[in-house]
There are 2 protein chains.
Amino acid sequence: MFESAEVGNTLDKLTYREESAKVRAALIQAQRELAGAPFSVVVSVSGLEGAGKSEVVNLLLAWMDARGIETHALDRPTDEERQRPATWRFWRRLPPQGRTAIFFGSWDAGAIYNCVRGKLSRPELDHALDRIVQFERMLNEENTLLVKFWLHLSQRAQKKRLRKLQADPRQKWRVTKRDRKMLEKYDEVRGVSEHLVHRTSTAEAPWIIVEAADRRYRNLTVAKALLAALRERLDVAKSAPPRPRPEPIHLQPAPRNVLNQLDLTLALTEKEYDKRLAEGQADLAVLARRLHEAQRSLILVFEGPDAAGKGGAIRRLTEAIDARDYRVIAIAAPTDEERAHPYLWRFWRHLPGLGRVTIYDRSWYGRVLVERVEGFALEAEWQRAYGEIDAFEEQLTEFGTIVLKFWLAVSPEEQLRRFQEREETPYKQYKITPEDWRNRDRWASYEAAACDTIERTSTEAAPWALVEADNKEWARVKVIETINRRLREALGK
Amino acid sequence: MFESAEVGNTLDKLTYREESAKVRAALIQAQRELAGAPFSVVVSVSGLEGAGKSEVVNLLLAWMDARGIETHALDRPTDEERQRPATWRFWRRLPPQGRTAIFFGSWDAGAIYNCVRGKLSRPELDHALDRIVQFERMLNEENTLLVKFWLHLSQRAQKKRLRKLQADPRQKWRVTKRDRKMLEKYDEVRGVSEHLVHRTSTAEAPWIIVEAADRRYRNLTVAKALLAALRERLDVAKSAPPRPRPEPIHLQPAPRNVLNQLDLTLALTEKEYDKRLAEGQADLAVLARRLHEAQRSLILVFEGPDAAGKGGAIRRLTEAIDARDYRVIAIAAPTDEERAHPYLWRFWRHLPGLGRVTIYDRSWYGRVLVERVEGFALEAEWQRAYGEIDAFEEQLTEFGTIVLKFWLAVSPEEQLRRFQEREETPYKQYKITPEDWRNRDRWASYEAAACDTIERTSTEAAPWALVEADNKEWARVKVIETINRRLREALGK
């Protein structure tokens with residue numbers, strides 16, 4: 001794979017000067033068009049030590065307009081980053097539409113080093129690489145152009161390069177002990193790198209392997225390839241048909257399904273409710289404290305029709321948790337910064353730190369529920385969302401976050417009763433909007449979308465709990481008791 | 001000061017029930033109006049241990065709509081926070097317009113404890129409190145409603161409360177060793193608290209002292225006070241005259257001023273330029289490396305007319321810095337999240353971590369330059385901005401950040417020449433817009449605003465360097481050499 005980058009490509013000064021002037025003008029032009037285009041650009045500059053990653057990034061910054069480009073060199077994760085799944089640090093740095101981010105190294109910075117040192121096994125490496133492929137596929141689908149450069153050097157060229165750097169007092173510091181160690185293990189590094197490059201080269205995001213021994217050849221090759229990728233995507237974007245106007249779709253749920261088979265008559269008497277709620281809250285208070293001590297995180301997701309009692313259920317459980325430890329995120333219309341990022345970005349933003357709880361009142365499931373039913377998401381978008389959501393939750397649970405999802409089910413009759421009650425109670429009026437009445441007309445479609453969602457996204461690690469919610473008391477107690485059971489399982493008796 | 005909160009206020013159950021229903025409805029109503037109002041709300045819940053801060057926050061979350069409220073309990077700063085001035089952690093958590101944030105404790109969490117333990121002297125405390133007053137004044141001016149509660153308990157009441165908490169297995173963990181220690185030093189804690197409350201009670205943001213011994217009295221008092229503050233500000237906002245349309249102003253610079261007295265004929269020959277640039281870059285490379293090793297941060301600000309050569313000067317200096325260590329932030333139109341926060345928020349966002357460099361291509365000075373001249377900022381806004389900017393930069397330099405500001409001065413004739421050149425050079429055309437031509441017509445006003453700015457904001461800690469920039473080579477070398485000199489001073493020979 002790397003053989004083609006060890007053939008001794010060079011470029012003479014004159015050609016370099018001529019071509020670079022052209023490329024530079026075209027890059028600037030492309031970047032200008034990008035500013036108004038519906039996608040973002042992520043450039044990864046990776047490769048062997050001494051191959052000139054910094055120089056390449058400096059060149060790109062110099063040739064393009066630094067406006068709209070952010071560079072990210074990720075060393076050790078910060079403590080805020082260590083408290084969240086590994087990709088969080090990338091998510092928080094994703095550029096918005098119209099802008100470019102340059103990352104030093106690939107997403108798995110350090111994996112090669114760890115692999116060569118025997119600290120990471122091949123299956124572990126492969127698992128990490130699969131995650132990367134998944135992440136990149138999502139980014140690509142979500143309007144991110146990925147341009148990945150792998151700067152390669154033959155063993156001889158690397159030795160020469162590092163020797164030259166060491167001889168230069170201004171550059172000497174660049175050559176670390178780690179670099180020298182890696183140089184001794186050139187063949188192993190090359191092997192693992194080849195594996196990484198091979199495994200993460202996909203149709204959406206292929207690696208561009210660049211022979212880096214000759215500075216001019218390297219620079220121009222990188223700039224030209226970036227230009228070509230940008231141009232292509234810009235042209236595609238330009239000729240893309242306009243996004244169709246949202247068109248609500250009509251779905252029929254299965255006659256017998258997980259929701260309509262729920263026994264919505266389940267109820268608690270006031271006395272039972274008081275007793276079990278008090279007990280449940282007392283248990284939860286202790287468990288939440290243990291969660292904190294164990295430095296585990298908890299994510300609770302609440303979905304269900306309007307007036308299903310999500311807010312009330314959330315309030316009953318937050319009463320038992322120290323206000324310092326939880327946050328309720330109510331999902332409303334996205335801000336423009338959120339809109340300019342992949343749709344999961346706004347949820348990644350709010351992931352809890354260790355020992356904390358984030359409660360999502362509505363969530364990423366909006367993609368396969370309201371956005372699907374109202375036609376805001378195209379079919380291709382909500383179809384792939386099941387997998388994207390699955391990958392998201394897997395990352396959370398693998399990291400040790402406890403994820404629990406509640407579907408609060410009410411009957412159309414009970415919903416109507418509650419709507420009417422809300423209209424009559426002054427301090428509840430704000431909860432009811434014309435949109436709620438409109439959504440109600442589309443009950444069947446929402447039910448069908450919900451059934452699909454539950455079927456496709458209830459996993460062992462992040463299960464849906466279906467909650468019969470016509471009786472609020474029943475629902476609230478069931479929610480708390482389910483959380484408590486789950487926390488006991490996760491934290492040990 | 002606290003005597004009025006030790007008088008034994010209580011509230012009976014019936015009154016509490018009746019009143020709380022009313023307050024609750026009104027709070028919800030006020031919160032709904034807030035969603036569309038041009039201000040944000042910051043609630044601080046502070047006071048003695050055991051006074052029920054968590055309970056009060058839980059109550060507010062339960063009574064209001066959790067949607068739009070974020071709670072922040074700030075324990076120890078994270079490592080990302082420790083790398084920036086102390087207020088950074090508050091800036092990053094400020095709610096946008098229309099929303100509410102509740103902070104546990106005041107901005108100076110820990111100060112009282114440290115003061116009582118003798119770890120913080122009174123002058124140090126007072127300096128911190130002055131910063132807080134300054135910060136709150138700015139927040140208030142920038143459309144943030146501050147509502148600060150101080151929950152107070154008499155010594156007897158606190159003892160009783162903590163004993164009760166300790167007796168409850170669910171609550172026991174709340175009483176820490178620190179709490180017990182603080183109880184022993186009740187009088188000292190009370191004294192320091194009184195000092196803090198007194199010193200940070202201002203017209204814009206007074207403390208509301210609440211007797212917290214009786215749960216019902218405490219809760220209702222807090223809820224009512226928050227409601228009153230919200231209502232008042234909402235009504236003010238409603239009856240406020242609409243913001244006047246931006247109206248460009250006309251200014252005349254002094255006939256002799258710091259800018260027009262610059263010798264713009266200063267120039268370097270090509271040979272001198274090449275030599276001094278190379279030397280300057282070599283020095284800068286070493287110094288930037290030392291900056292990194294010393295874990296100091298550097299902020300460079302570039303201002304000046306269009307086509308003054310800011311971008312070119314920045315490029316020459318970034319060539320000498322490892323791309324991992326610097327970031328260029330080009331200030332363009334704010335995003336809606338930025339617009340919904342105090343205007344300095346978008347700059348705080350990008351503060352460099354330790355050992356890093358942030359270069360602002362245009363900056364917070366826009367407030368007193370373009371926003372003033374074009375009338376986007378009202379007179380009251382840009383007038384107070386000088387002081388706000390000063391406070392901002394003081395926080396940076398006190399923290400150890402090195403701040404350097406460059407004003408690149410060109411003559412109108414040279415600017416015209418460059419505009420024309422840009423229009424003729426394909427890859428520079430993007431740099432010139434109709435707005436540039438328009439601004440050019442208003443040269444005198446911009447010059448006058450610039451002179452005011454330089455006069456009022458050049459401090460010893462964060463000085464302006466005026467750069468004669470008709471000759472680009474001269475300007476670039478002067479910029480680099482100035483940075484190097486400053487870095488040498490700061491880092492030692």
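We name chains A, B, ... by the order of the sequence lines, and we start the count at 1 in each one.
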Set out, in order, the CA-CA distance, both residues' side-chain angles and the distance that settles side-chain hydrogen bond (donor to acceptor under 3.5 Å, both in side chains) for B:His72 and A:Arg327, then state yes or no.
CA-CA 9 Å; B:His72 302 287; A:Arg327 181 171 302 180; 3.2 Å; yes

Nearest heavy-atom neighbours spanning A:Arg315 and B:Met64
NH1-O, 4.3 Å

Rounded to the nearest 0.5 angstrom, the CD1-CD1 distance for B:Ile69 and A:Ile329 is 12.0 Å

Can you sort out the partners of A:Tyr326 under ring pair (Phe, Tyr, Trp, His ring centres under 6.0 Å), two or more places apart, ordered by chain and number?
none

Is chain A contacted by the side chain of B:Glu55, its backbone, both, or neither, given a heavy-atom distance below 4.5 Å?
neither

Residue selection (most heavy-atom pairs with chain B, distance under 4.5 Å) from A:Thr71, A:Asp79, A:Ile359, A:Asp325
A:Asp79

A:Asp322 side, atom CG; B:Asn58 side, atom CG - distance, nearest 0.5 Å:
7.5 Å

Portion of A:Gln83 that has a non-hydrogen atom of chain B nearer than 4.5 angstrom
neither

Taking all atoms of both residues into account, what is the closest heavy-atom pair of B:Ala323 and A:Ser54, and its distance?
CB-O, 4.2 Å

Closest-packed option against chain B by number of heavy-atom pairs under 4.5 Å, given A:Ile321, A:Thr78, A:Leu61, A:Leu59:
A:Thr78

Under 4.5 Å from any heavy atom of chain A, what part of B:Arg339 do you find: side chain, backbone, both or neither?
neither

Can you name the side-chain hydrogen bond (donor to acceptor under 3.5 Å, both in side chains) partners of A:Tyr360, sequence neighbours left out?
none

To the closest 0.5 Å, what do you measure between NE2 (B:His350) and CD (A:Glu70)?
6.0 Å

Using a 4.5 angstrom heavy-atom cutoff, name the option from B:Ala73, B:Pro96, B:Ala340 with the most pairs to chain A.
B:Ala73

Salt bridge A:Arg92-B:Glu80, side-chain N to carboxylate O under 4.0 Å
yes

With chain B, the option among A:Val57, A:Thr335, A:Ile102 that has the most non-hydrogen atom pairs under 4.5 Å is A:Thr335

Below 4.0 angstrom, N of the basic side chain to O of the carboxylate: do B:Glu337 and A:Arg349 qualify?
yes

